Structures are given as structure tokens and as C-alpha cells.
Asks: 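Okay, here's the structure, questions in a sec.
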Amino acid sequence: MIVMKFGGTSVQDADAIQRVFEIVSARLHEQPVVVVSAMAKATDSLLAMGRAADAGNRESALELAGELRARHHRAAHELVDDERRATLLPQLDADFDALDDLLRGIAALHELSPRSEDRLGAYGELLSSRLVAAAFASRGLPAAHLDSRTCLVTDSQHTKAVPQFPETNAKLKANVAPLLAEGRVPVMGGFIGANINGITTTIGRGGSDYSAAIFGAGLNATRIEIWTDVDGMMTTDPRICPDAKRIRVISFEEAAELAYFGAKVLHPATVQPAIQQNIPVYILNSNNPGCEGTRITNVAPPCQSLFKAIAAKKRITIIEVVATRMLMAHGYLRAIFEIFDKHKIPVDVVSTSEVSVALTVDSNEGIPALAEDLSKFADVRYEGRKAIICMVGESIREKPGVAARVFTALAKGSINVRMISQGPSEINITFVIEEEEVNRAIQLLHGEFFQPSEIDATVFA
Ligand code: ADP
Ligand code: ASP
Ligand code: MG
């Protein structure tokens with residue numbers, strides 16, 4: 001069997017869902033399980049409703065919910081035959097009525113807890129999966145809608161819940177495998193799950209890719225396909241460099257680094273379950289299904305070019321800890337990291353000198369409390385509006401002078417580099433710059449390293 005995941009733009013309206021139907025129909029003989037995201041922007045809109053309700057703007061929250069309801073109704077009218085629509089519309093309306101009630105509750109209490117946020121955010125995938133399943137069935141495809149909350153078991157860390165693999169795999173075998181055996185095409189929402197008590201959870205923004213990989217690993221898929229709105233993983237975000245090239249094949253390790261450092265095309269956790277079982281992952285374009293996309297595999301073929309791609313992660317804060325009192329004391333780094341651990345704030349890039357340590361974290365509201373704790377034994381400064389740039393390629397291993405070329409290119413654009421780290425995996429060069437310089441830095445570096453004369457035609461298209 002295979003897993004086919006379709007992102008928000010791939011299910012954004014009736015035309016897009018019609019294309020998805022055609023793509024899935026062409027793969028029926030491979031026993032697809034279909035995973036869908038919420039319709040494009042639906043999750044953003046649901047979370048905006050929650051914030052509006054929380055702020056007491058009940059009417060504007062309900063108005064946004066009304067717009068989302070109309071959008072789903074419109075797509076249902078265009079996609080679903082009369083008979084099926086007679087059962088689908090009451091189901092959609094029951095969900096939307098429950099959504100309205102939830103928003104009224106949030107507005108009455110002025111309280112939006114992570115748990116209610118998950119209940120709210122989950123409607124996007126619940127609704128899109130129902131709609132897509134009905135659209136498939138109306139076209140004669142033997143689809144079966146399956147609520148992912150009956151399969152994806154997570155812990156209770158709402159908004160970033162962690163999948164529990166043994167429980168999830170058992171549920172997948174019990175609920176999905178029989179449908180496949182009957183020749184049905186299960187259609188499931190990504191992103192959403194439930195804890196062991198059945199309370200709705202979500203696994204983090206962009207998490208439908210991760211759901212697809214979890215389902216693929218649990219069901220021993222031979223392939224996981226991530227269908228999106230670009231031709232594959234590209235040498236950089238094509239919105240920043242329109243001349244970005246498609247990467248034909250990339251290793252799990254390279255793809256994971258790129259995803260982690262901001263290549264939004266793939267959720268960073270996606271490759272984990274796939275690596276464990278060595279299941280190839282493909283990134284494909286639902287607007288251009290003839291394109292072969294990007295294949296992510298265990299071992300990528302040798303590549304003559306230095307780098308595979310450049311990614312950027314914005315909204316970064318640098319925290320600088322200067323501990324003259326602790327000069328040369330052992331246990332000093334451990335003490336610092338214990339405080340980060342206590343505040344549950346993960347660190348991305350670290351650089352140390354004898355008396356100071358600089359670390360980067362995603363900008364978040366927990367930083368002042370963290371800084372206060374750190375300041376008990378050190379001087380602490382923090383500065384937001386930074387970005388991490390990460391350049392990845394297995395070919396840079398054992399190649400001298402690569403970093404010099406990177407920083408010379410940046411110097412030509414007078415781009416100030418604040419921190420540098422060459423990954424211990426030796427497949428990346430990572431550095432921190434001002435957030436507003438990201439596009440310019442990427443354009444400079446892409447121009448330097450991805451000229452047609454520089455790149456390996458067997459790897460890039
Ligand atoms: P989906 O809704 O299908 O999950 P996303 O918006 O999450 O799609 O991811 C696709 C987007 O990722 C692309 O439209 C592109 O702008 C962005 N992106 C960022 N970096 C890259 C990259 N290296 N290659 C391809 N796309 C990238
Ligand atoms: N709909 C969710 C989001 O927008 C999950 C996803 O699309 O992957 O974050
Ligand atoms: Mg995505």
C-alpha cells in the first residue's frame with residue numbers, strides 16, 4: 001500500500017479536489033490511503049476565530065465561522081452528487097454548529113486553553129476529509145472516511161502532541177487495514193489525533209506531512225507521497241528565488257536538516273518514521289502531476305555540486321549568557337542547559353567562548369522568564385528578529401574552503417553574520433543573520449552556488 005498526502009492548496013476548492021481525485025484514481029492498484037490537510041488557510045482562520053472569541057469579539061468569530069461554512073457548502077455543491085449530499089450536508093452542519101457553540105463558550109469564558117485550541121483547529125481536517133471522501137465516492141471511487149482521532153494516539157501536550165507509536169500502530173492495523181483489504185480507499189485528516197482518553201489533540205502546525213509518515217510507517221507502506229503546490233523540494237524557497245531548481249533526489253539526512261531549518265515544504269518530523277523503515281518519500285506537485293518530483297531516500301547518489309539547498313528559519317532570538325563568575329568552572333554549560341530544559345525551550349544553534357555562550361531559540365513568550373532564571377548566575381542579553389540560514393549538502397564533507405566561499409559571498413552584500421555553526425553532521429553550514437536580510441542573503445548565496453555551470457544535472461532539474 002502507499003500513503004498519499006494532499007496539502008491545503010491541493011484541497012483548497014472544488015477544482016483542486018477534482019485534480020486530487022484524478023491523481024488518486026491513477027494509483028488505485030497500489031492501495032492508497034489518502035491523508036488530507038484542511039482547505040488552504042482554514043487552520044489559520046479557525047485559530048483566528050478562537051483569538052477573536054477569546055478577546056470577546058464573539059460576532060466576528062461567528063462571522064468567520066460562517067464564511068468557512070459557506071466555503072465547504074460551495075465545494076460540496078460542486079463536488080458531491082444529490083444523494084450523497086443529503087447525508088454530507090447535515091454532517092458538515094453538525095460540525096459547524098458544534099464549532100459555533102465552542103466559539104460561544106470561548107467568548108463567554110474569555111478563555112482559550114491549548115485544549116480548546118486543539119478542538120478548534122481540528123475542525124479543518126475533520127471537515128476537509130469528510131468532503132474529499134464524499135467527492136471521491138460521488139465519482140465512483142470506493143472511498144471510506146475515517147476519523148483520524150480513532151487512529152493517531154498522542155500524549156496530552158496540546159497543540160504539539162507527541163504521537164504514541166505502539167498504540168497508534170495497533171489502531172491503524174485494527175481500523176485501516178480491514179478497509180484496504182476490502183478494496184476501499186481510506187480518507188483521513190492529517191494533523192489531528194486524540195490522547196488515550198479520546199480528547200482531541202493536534203501534532204503541530206504543518207503536521208499533516210508527519211501524520212502521513214506515521215500512517216505509512218504503521219501500515220508498512222512501500223511509498224509515502226507528499227503532494228503540494230511546488231514541483232518538489234527545490235534548491236531554495238521558490239518564492240524567494242524564482243529560479244530555484246528542483247532536487248531530483250535527496251537523502252533523508254539532508255531533507256531533515258532542511259525541513260528543520262525552515263524548508264516549509266516538509267514538516268521536520270516527517271522523515272523520522274520513514275527512515276526507521278526505509279520507506280521512500282516523494283514530494284510531488286498536484287498542479288503538475290506529470291512531474292517526477294523529489295525522491296527522498298536513505299542514500300542519495302553522489303552529487304558533484306557542493307550544496308543541495310538553502311533554507312531559512314525566521315523569528316529567532318539570540319540569547320547571550322555571559323558568566324564571568326563561572327569562568328572555567330565545570331558544570332557551567334550543564335547548568336545553562338538545565339534551565340532551558342526546565343522552561344521546555346529547545347535550542348537550535350550554540351556557540352561558546354571561554355566566558356560566554358550564545359544560543360538561538362524560536363522567539364516565544366517564555367523567553368523573559370527563562371532570562372530571569374539564567375540571570376541568577378550570569379549576565380543575560382537577548383535580541384529578537386534574527387534568522388537562521390542553513391545550507392545543506394553531503395558533498396561539503398571533507399571539502400576545504402567551502403565556509404570561506406559562503407562568507408565571502410555574504411560579505412559582498414555587506415551581510416553581517418552574528419553566529420556560525422558548522423553542523424556536527426558535516427552536511428550543513430548554519431549561521432544567524434538579521435531577519436530583514438534573509439531574502440537578500442539567500443539570493444546572493446543561491447546566485448553563488450546554484451549557477452547552471454555549478455550544478456550537477458543528474459541531481460537537479
Ligand atoms: P502544503 O499546504 O501542501 O503542506 P506548504 O505551504 O506547507 O504546502 O509547503 C509548500 C511551500 O513550501 C511552497 O509553496 C514553498 O513556497 C515553500 N518552500 C519553502 N522552502 C522550499 C523548498 N526548499 N522547496 C520547495 N518549497 C519550499
Ligand atoms: N492544517 C494544518 C496547518 O495548517 C496542518 C497541515 O496543513 O499540515 O498547520
Ligand atoms: Mg505543509
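The shown structure was predicted, so the numbers you read here are calculated from the model rather than taken from an experiment. Order of listing sets the numbers, starting from 1, for every ligand and every atom in it.
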Asks: For Lys171, I'd like to know if atom NZ has over 12 heavy atoms of other residues, nucleotides or ligands within 6.0 Å.
Replies: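 For Lys171, atom NZ is not crowded (no more than 12 foreign heavy atoms under 6.0 Å).
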
Asks: Atom 5 (C) of ligand 2: which of Arg205, Lys264, Glu125 has the nearest heavy atom?
Replies: Glu125

Asks: Tell me whether Ala309 reaches ligand 1 (any heavy atom closer than 4.0 angstrom to a ligand atom).
Replies: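 Contact check Ala309 vs ligand 1: negative.
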
Asks: Under a 3.5 Å cutoff, is there a donor and acceptor pairing between the side chains of Thr317 and Ser363?
Replies: yes

Asks: Nearest protein heavy-atom contact for atom 6 (C) of ligand 2: which residue, which atom, what distance?
Replies: Ser208 OG, 3.3 Å

Asks: Identify the closest protein heavy atom to atom 15 (C) of ligand 1: which residue and atom is it, and at what distance?
Replies: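 Atom 15 (C) of ligand 1 sits closest to the protein heavy atom Asp237 OD1, 3.5 Å.
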
Asks: If the test is side chain to side chain contact (heavy atoms under 4.5 Å, CB included), which one of Val33, Thr222, Leu219 qualifies with Ile2?
Replies: Thr222

Asks: Decide whether the shortest distance between a heavy atom of Gly206 and an atom of ligand 2 is less than 4.0 Å.
Replies: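 Contact check Gly206 vs ligand 2: positive.
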
Asks: Quick check: are there more than 12 heavy atoms from other residues, nucleotides or ligands sitting under 6.0 Å from CZ of Arg115?
Replies: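 No, because the 6.0 Å sphere around CZ of Arg115 holds 12 heavy atoms or fewer from other groups.
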
Asks: Quick check on contacts: which atoms of ligand 1 are under 4.0 angstrom from a heavy atom of Arg239?
Replies: 13 (C), 14 (O), 16 (O)

Asks: Does some non-hydrogen atom of Lys245 fall short of 4.0 Å from ligand 1?
Replies: no

Asks: Which residue and atom name correspond to the protein heavy atom nearest atom 4 (O) of ligand 1, and how close is it?
Replies: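 Ranking protein heavy atoms by distance from atom 4 (O) of ligand 1, first comes Lys5 NZ, 3.1 Å.
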
Asks: Please work out whether any backbone atom (N, CA, C, O) or any side-chain heavy atom from C-beta onward of Val230 is under 4.0 Å from ligand 1, and answer side chain, backbone, both or neither.
Replies: side chain

Asks: Return yes when Gly7 approaches ligand 2 closer than 4.0 angstrom through a heavy atom, no otherwise.
Replies: no

Asks: Take every heavy atom of His267, measure it against each atom of ligand 2, and state whether any distance is under 4.0 Å.
Replies: no

Asks: For residues Arg418 and Asn416, determine if any side-chain heavy atom of one lies less than 4.5 Å from a side-chain heavy atom of the other.
Replies: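 Touching, per the 4.5 Å side-chain cut-off.
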
Asks: Once you restrict to heavy atoms under 4.0 Å, what part of Lys264 touches ligand 1? Side chain, backbone, both or neither.
Replies: both

Asks: Return the orientation label for the Phe450 and His446 ring planes: parallel under 30°, perpendicular over 60°, tilted otherwise.
Replies: parallel

Asks: Name the orientation class of the two ring planes belonging to Phe431 and Phe407 (parallel below 30°, tilted from 30 to 60°, perpendicular beyond 60°).
Replies: perpendicular

Asks: So which protein heavy atom does atom 7 (O) of ligand 2 come closest to, and at what separation?
Replies: Ser37 OG, 3.0 Å

Asks: Just heavy atoms, cut-off under 4.0 Å: does Gln12 contact ligand 1 by side chain, backbone, both, or neither?
Replies: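 No part of Gln12 comes within reach of ligand 1.
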
Asks: Give the single entry among Thr228, Asp209, Val265, Ile442 that approaches atom 8 (O) of ligand 1 most closely by any heavy atom.
Replies: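 The nearest heavy atom belongs to Thr228.
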
Asks: Can you list the atoms of ligand 2 that are under 4.0 Å from a heavy atom of Gly207?
Replies: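 Counting from 1, the qualifying ligand atoms are 5 (C), 8 (O).
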
Asks: Could you tell me whether Arg405 and Glu454 have a side-chain N and a carboxylate O separated by less than 4.0 Å?
Replies: yes

Asks: Quick one: does ligand 1 sit under 4.0 Å from the side chain of Thr236, the backbone, both or neither, non-hydrogen atoms only?
Replies: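 Near ligand 1, Thr236 shows its backbone, while the atoms from C-beta on stay back.
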
Asks: When you measure from the heavy atoms of Gly232 to every atom of ligand 1, does any distance fall below 4.0 Å?
Replies: yes

Asks: So with a 6.0 Å cut-off around CZ of Arg315, is the heavy-atom count from everything else above 12?
Replies: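 Open.
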
Asks: Do other residues, nucleotides or ligands put more than 12 heavy atoms under 6.0 Å from the CG atom of Leu109?
Replies: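 More than 12 heavy atoms, drawn from other residues, nucleotides or ligands, come within 6.0 Å of this atom.
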
Asks: To check you understand the geometry: which heavy-atom pair defines the closest contact between Ala16 and Thr9, and what is its length?
Replies: CB-O, 3.8 Å

Asks: Starting from atom 24 (N) of ligand 1, which protein heavy atom do you reach first, and at what distance in Å?
Replies: Met234 N, 2.9 Å

Asks: What I'd like to find out is whether the side chain of Glu111 reaches to under 4.5 Å of the side chain of Ile106, using heavy atoms alone.
Replies: no

Asks: Heavy-atom count around Gln304 CD within 6.0 Å, excluding the residue itself: above 12?
Replies: no

Asks: Among all the protein's non-hydrogen atoms, which is closest to atom 14 (O) of ligand 1, and how far away is it?
Replies: Asp229 OD1, 2.9 Å

Asks: Starting from atom 2 (O) of ligand 1, locate the nearest protein heavy atom and write down its residue, its atom name and how far away it is, to 0.1 Å.
Replies: Gly8 N, 3.2 Å

